[in-house]
Amino acid sequence: MSENFTSPDFYNIDELLSEEHKLIRESTRQWVSKSVSPIIEEYAQKAEFPSHLIKELGEIGAFGPYIPEKYGGAGLDQISYGIMMQEIERGDSGIRSTASVQSSLVMYPIWKFGSDEQKEKYLPKLATGEIMGCFGLTEPDHGSNPSGMISNFKSDGDDVILNGAKMWISNSPFADIAVVWAKDENKRIHGLIVERGMDGFTTPETHNKWSLRASSTGELIFDNVRVPKKNILPGKSGLGAPLMCLDSARYGISWGAIGVAMDCYNTALKYSLERVQFGKPIAAKQLQQKKLAEMLTEITKAQLLSWKLGKLKNEDKATSAQISLAKRNNVDMAMNIAREARQVLGGMGITGDFSIMRHMMNLESVITYEGTHDIHLLILGNEITGHNAF
Ligand code: TGC
Ligand code: FAD
């Protein structure tokens with residue numbers, strides 16, 4: 001609920017933030033409160049992406065916050081990026097998805113692995129939202145195991161001919177470009193920038209979702225698509241390239257999940273203080289206090305985790321396993337809080353008059369995409385033991 005946009009900050013974590021971080025938080029929060037919260041339930045109910053928000057997301061700097069200013073980004077640090085994702089996801093995970101796909105899965109690979117020509121051509125327009133991108137890694141038969149992908153391309157003069165299919169692709173139905181991962185004739189994975197309008201390239205929408213309903217999800221189908229070789233990202237090949245993009249997006253999600261948890265906690269706290277049963281506000285009952293105390297505890301732990309991870313990212317020291325730990329922990333934490341918060345609201349909790357049920361359903365996607373809960377556990381298991389158990 002937009003009027004509840006206060007931050008639980010039980011450990012004075014604000015002291016760890018700079019004035020710039022706090023300003024960014026305030027301005028993003030105000031935008032979410034004004035532009036997202038009042039309309040998002042309606043869009044989720046009708047399963048429609050609020051496309052009019054794209055331009056505004058560009059204006060608040062949510063596309064490529066850490067991309068250098070010379071490419072149209074905001075040149076901010078990683079904690080600023082995290083804070084923006086936190087505040088946007090407080091509104092809705094699907095809107096945060098749009099921002100994090102554009103930033104970490106489209107702008108980031110072009111910035112990190114692209115040619116100067118690609119950076120100049122695409123990044124400034126992606127930063128404003130004039131063009132939108134999507135990221136195609138997952139295939140119908142290769143989700144957790146992207147290295148098995150079968151999408152492939154063959155050289156043909158100055159072009160390559162791309163074949164294959166990707167599914168579960170956020171923003172694909174309206175994206176202008178897709179950063180697509182496919183294998184060359186030597187089975188080496190490369191990133192290619194595929195543009196809408198190229199012959200043989202289609203992006204059918206995926207319907208009937210109960211989760212991320214205000215986000216547009218679809219497929220990418222490549223039927224002998226002729227892609228100029230100059231659209232191949234030259235800077236890095238192999239699975240490590242898309243996994244680096246995922247590290248950036250998973251880090252953002254670790255913050256985003258805190259935003260969801262904060263919204264659920266605030267809603268449950270307010271409701272429990274107002275709802276009277278057995279002659280007292282339910283907030284006066286021990287069982288409700290237990291729920292609220294545990295929510296605050298878990299939010300506080302997650303805040304410290306993501307803040308420290310942000311410091312490590314700023315120093316370029318964060319490892320993939322550290323990022324997996326934070327994504328896994330914080331999304332799970334948010335799911336547990338959403339479930340408990342919904343119960344605090346009793347029957348009202350299942351209605352669209354409150355944000356909790358929408359958050360709960362959204363989190364089913366968030367705990368699945370960018371590596372499932374169990375895949376992140378296995379990444380940690382591998383890190384701890386040296387034994388790959390995938
Ligand atoms: P593995 O053999 O471990 O690694 C292959 C190569 O990659 C290197 N590497 C990394 N490099 C950079 N960053 C990382 N995080 C890396 N992790 C591994 C590794 O060193 C190796 O390099 P080289 O030179 O030796 O070849 O790979 P594997 O095939 O065993 O798979 C590992 C596994 C399971 C962890 C990985 O495939 C994985 O993370 N699977 C989950 C798939 C996933 O997360 N998909 C996400 C799709 S995108 C999405 O969901 C967007 S949702 C967007 C939204 O709406 O917000
Ligand atoms: P599977 O890999 O088939 O996994 C099924 C189950 O098996 C899971 O519980 C998993 O944890 C488990 N499992 C898998 N391997 C193992 C193992 N070795 N040991 C034990 N258990 C295992 N992808 C993109 O490329 N781009 C996007 O923009 C994008 N957006 C998405 C948006 C939404 C709304 C959703 C739902 C997904 C999106 N994805 C996207 C895809 C997402 O990344 C995949 O769904 C995810 O990686 C899991 O793959 P899968 O669905 O094929 O499940």
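In each ligand, atom 1 is the first atom listed, and ligand 1 is the first ligand listed.
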On a heavy-atom basis, I'd like to know which of A241, S100, G240 is closest to atom 8 (C) of ligand 1.
G240
Closest approach of F113 and P234, non-hydrogen atoms and distance?
O-CD, 3.1 Å
Can you tell which part of L378 has a heavy atom less than 4.0 Å from ligand 2: side chain, backbone, both or neither?
side chain
Side chain, backbone, both or neither: which applies to S365 and ligand 2 if a contact is any heavy-atom pair less than 4.0 Å apart?
side chain
Checking Y81 against S104 for the side-chain hydrogen bond (donor to acceptor under 3.5 Å, both in side chains) test, could you report, in this order, the C-alpha distance in whole Å, the side-chain angles of both residues, the deciding distance, and whether it holds?
CA-CA 10 Å; Y81 171 52; S104 285; 2.7 Å; yes
For T138, which part has a heavy atom under 4.0 Å from ligand 2: side chain, backbone, both, or neither?
both
Could you list the atoms of ligand 2 found under 4.0 angstrom from a heavy atom of I169?
24 (C), 25 (O), 26 (N), 27 (C), 28 (O)
Would you tell me which option among R96, M244, E370 has the nearest heavy-atom contact to atom 53 (C) of ligand 1?
E370
Return yes when at least one protein heavy atom is under 4.0 Å from atom 3 (O) of ligand 2, and no when none is.
no
At what distance is the nearest protein heavy atom to atom 9 (O) of ligand 2, and which residue and atom is it?
D374 OD2, 4.5 Å
For ligand 2, does K166 get within less than 4.0 Å through its side chain, its backbone, both, or neither, judged by non-hydrogen atoms?
neither
When you look for heavy atoms under 4.0 Å from ligand 2, do you find them on the side chain of T372, its backbone, both, or neither?
side chain
S97, any N or O under 3.5 Å of ligand 1 N or O:
yes
Considering only the protein, which heavy-atom contact is closest to atom 29 (C) of ligand 2, and what is its distance?
W168 O, 2.5 Å
Looking at D247 and K327, does any basic side-chain N land under 4.0 Å from a carboxylate oxygen?
no
Would you say ligand 1 has an N or O under 3.5 Å from any N or O of N145?
no
Could you tell me whether some N/O pair between G371 and ligand 1 is separated by less than 3.5 angstrom?
yes
For atom 7 (O) of ligand 2, is the nearest protein heavy atom under 4.0 Å away?
no
Near I379, which atoms of ligand 1 are under 4.0 Å from a heavy atom of that residue?
35 (C)
Got the closest protein heavy atom to atom 14 (C) of ligand 2, with its distance?
S144 OG, 3.6 Å
Can a protein heavy atom be found under 4.0 Å away from atom 22 (C) of ligand 2?
no
Would you say atom 27 (C) of ligand 2 makes contact with the protein, given that contact here means a non-hydrogen protein atom less than 4.0 Å away?
yes
Looking only at protein heavy atoms, which one is nearest to atom 45 (O) of ligand 2, and what is the separation?
T368 CG2, 3.9 Å
